Amino acid sequence: MTNDSNNSYVPTLFQIGTVAKTLNVTRKMILNYEEHDLLTPATKDPVTGYRYYTADNMTQIQLIRSFQKYGLSLEEIKNYLVGSTELNVTISRLEDLRNQIDMSISKLYIRANSSNKLDYYWTTLPHQKSYSKEYAGTSLADRTKELRDAYLHVIHHHKINFENGYMFSELSLSDVSHRNMYIPVDESCSGEGISITPEITAICVCYKGPYENLESIANSLLEFINSKQIQPLGTIRYIYLEGPPNRGADKDSYLTIIAIPVKDIYQGIPRR
């Protein structure tokens with residue numbers, strides 16, 4: 001007597017409807033991948049035109065979908081799959097996307113921290129091209145006006161690009177009166193005032209509250225760094241995530257990252 005369970009047929013080819021249902025995609029998506037030379041059916045019936053796909057085909061569809069979720073275009077995915085060497089633009093765009101995600105996560109951490117406890121962490125501050133200028137005023141009100149004026153200058157003379165960075169102020173640890181502003185611009189921008197801040201490691205703290213308290217929060221961060229015998233590299237950055245433009249007069253809801261670039265990292269500090 002034949003044991004049906006040991007001799008049951010296991011299909012190795014699947015019609016497009018089965019593939020679509022299994023992977024939770026549409027037939028239109030699968031056909032679109034074929035049109036862009038991203039996918040080739042294992043076989044195609046010359047009479048009926050039915051397409052048949054293998055398990056490898058399904059794995060490839062899942063890979064394409066993953067890349068799409070990362071924000072890659074079908075052309076960029078094709079370059080990856082065919083082993084193109086022209087991937088630098090794609091790499092740069094994914095790095096920009098990663099930086100945006102990191103900043104979004106930082107915002108969520110602050111919003112979720114209802115206790116207002118200061119949590120220190122280390123991260124890599126990304127390369128950023130900016131329009132930069134030294135502040136002339138000493139009061140918070142004066143510096144706020146100068147930053148807004150500089151923002152308007154960039155709108156008229158350059159191309160702002162918040163996908164590549166954030167507005168921030170940077171001051172010297174040795175001379176706190178020396179403070180510069182930075183407004184992110186497109187990589188194509190050049191001319192007077194355009195500068196590049198390189199990628200650098202930093203110890204950071206996320207803060208929710210009025211700008212008047214930034215100095216005391218920065219001092220707390222510096223004390224923490226010194227207590228861990230970590231060497232700061234001479235500056236403090238105030239990275240403005242959400243301020244007056246999107247929070248109005250609600251100063252208690254302003255979001256800022258205070259960051260101090262450092263030379264070494266103490267292993268007990270979490271990374272974000």
Side-chain angles (χ1 to χ4, degrees), residues 13-44 49-109 123-131 151 154-155 157-168 182-190 194 196-200 239 241-242 245-246 257 271-272:
L13 294 177
F14 307 88
Q15 291 187 2
I16 190 170
T18 302
V19 174
K21 183 178 180 180
T22 301
L23 300 181
N24 195 28
V25 298
T26 65
R27 295 166 58 97
K28 185 177 180 180
M29 284 182 184
I30 297 173
L31 295 176
N32 191 36
Y33 295 158
E34 290 185 28
E35 290 176 5
H36 285 82
D37 296 325
L38 293 169
L39 180 70
T40 303
T43 186
K44 187 175 179 180
Y50 290 165
R51 293 168 164 79
Y52 294 91
Y53 303 85
T54 63
D56 287 344
N57 288 143
M58 286 196 270
T59 299
Q60 191 168 16
I61 292 171
Q62 288 178 304
L63 178 64
I64 296 169
R65 293 290 293 151
S66 295
F67 278 132
Q68 284 187 298
K69 291 177 181 178
Y70 295 152
L72 295 185
S73 68
L74 293 183
E75 185 62 30
E76 289 171 323
I77 297 171
K78 180 180 177 181
N79 287 338
Y80 172 83
L81 293 176
V82 300
S84 171
T85 57
E86 301 298 324
L87 295 175
N88 288 337
V89 173
T90 302
I91 293 171
S92 178
R93 200 155 72 76
L94 284 175
E95 288 176 340
D96 291 341
L97 180 61
R98 178 192 63 194
N99 295 336
Q100 293 176 55
I101 292 172
D102 287 344
M103 283 298 186
S104 295
I105 291 172
S106 295
K107 291 182 184 181
L108 292 173
Y109 268 117
T123 191
T124 301
L125 300 176
H127 156 103
Q128 179 173 319
K129 196 166 194 178
S130 309
Y131 171 78
Y151 185 90
V154 174
I155 289 176
H157 299 282
H158 299 287
K159 182 180 179 182
I160 291 179
N161 190 349
F162 282 108
E163 293 184 358
N164 288 339
Y166 282 82
M167 288 198 298
F168 67 89
Y182 295 82
I183 300 171
V185 298
D186 191 77
E187 288 290 338
S188 63
C189 294
S190 61
I194 301 300
I196 292 177
T197 48
E199 180 179 279
I200 194 167
I239 303 171
L241 301 184
E242 293 183 12
N246 37 34
I257 290 179
R271 174 181 172 83
R272 288 187 197 166

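Keep in mind that the numbers below use all heavy atoms, side chains included, and drop hydrogens, waters and symmetry copies. Predicted, not measured: the structure shown is a model, and the values here were computed from it.
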Problem - Close side-chain approach of L38 and I77, heavy atoms under 4.5 Å - result: yes
Practice task
Taking atom types as modelled, find out whether T54 and D56 have a side-chain donor-acceptor pair closer than 3.5 angstrom.
Solution key: no
Problem - Pairs involving residues 25-34, ordered by first then second residue, that meet salt bridge (Lys or Arg N to Asp or Glu O under 4.0 Å) (sequence neighbours left out) - result: E34-R51
Problem - Check: C189 main-chain N/O paired with K129 side-chain donor or acceptor under 3.5 Å - result: yes
Problem - Note, I194 side chain near Y131 side chain (heavy atom, < 4.5 Å) - result: yes
Exercise for the section: Tell me yes or no: between the side chains of R65 and Q68, is some donor less than 3.5 Å from an acceptor? Expected result: yes
Problem - Backbone of E76 reached by a side-chain donor or acceptor of N79 within 3.5 Å - result: no
Exercise for the section: Starting from the C-alpha separation in whole Å, work towards a yes-or-no answer on side-chain contact (heavy atoms from CB on, under 4.5 Å) for V19 and I61. Expected result: CA-CA 9 Å; V19 174; I61 292 171; 3.8 Å; yes
Practice task
Check whether any side-chain heavy atom of T197 sits under 4.5 Å from a side-chain heavy atom of L125, and report yes or no.
Solution key: no
Problem - Flag, side chain of E75 to backbone of H36, donor-acceptor distance under 3.5 Å - result: no
Problem - Side-chain donor or acceptor of Q128 paired with backbone N/O of Y166 under 3.5 Å - result: yes
Problem - Partner set under ring pair (Phe, Tyr, Trp, His ring centres under 6.0 Å) for Y182, not counting sequence neighbours - result: F168
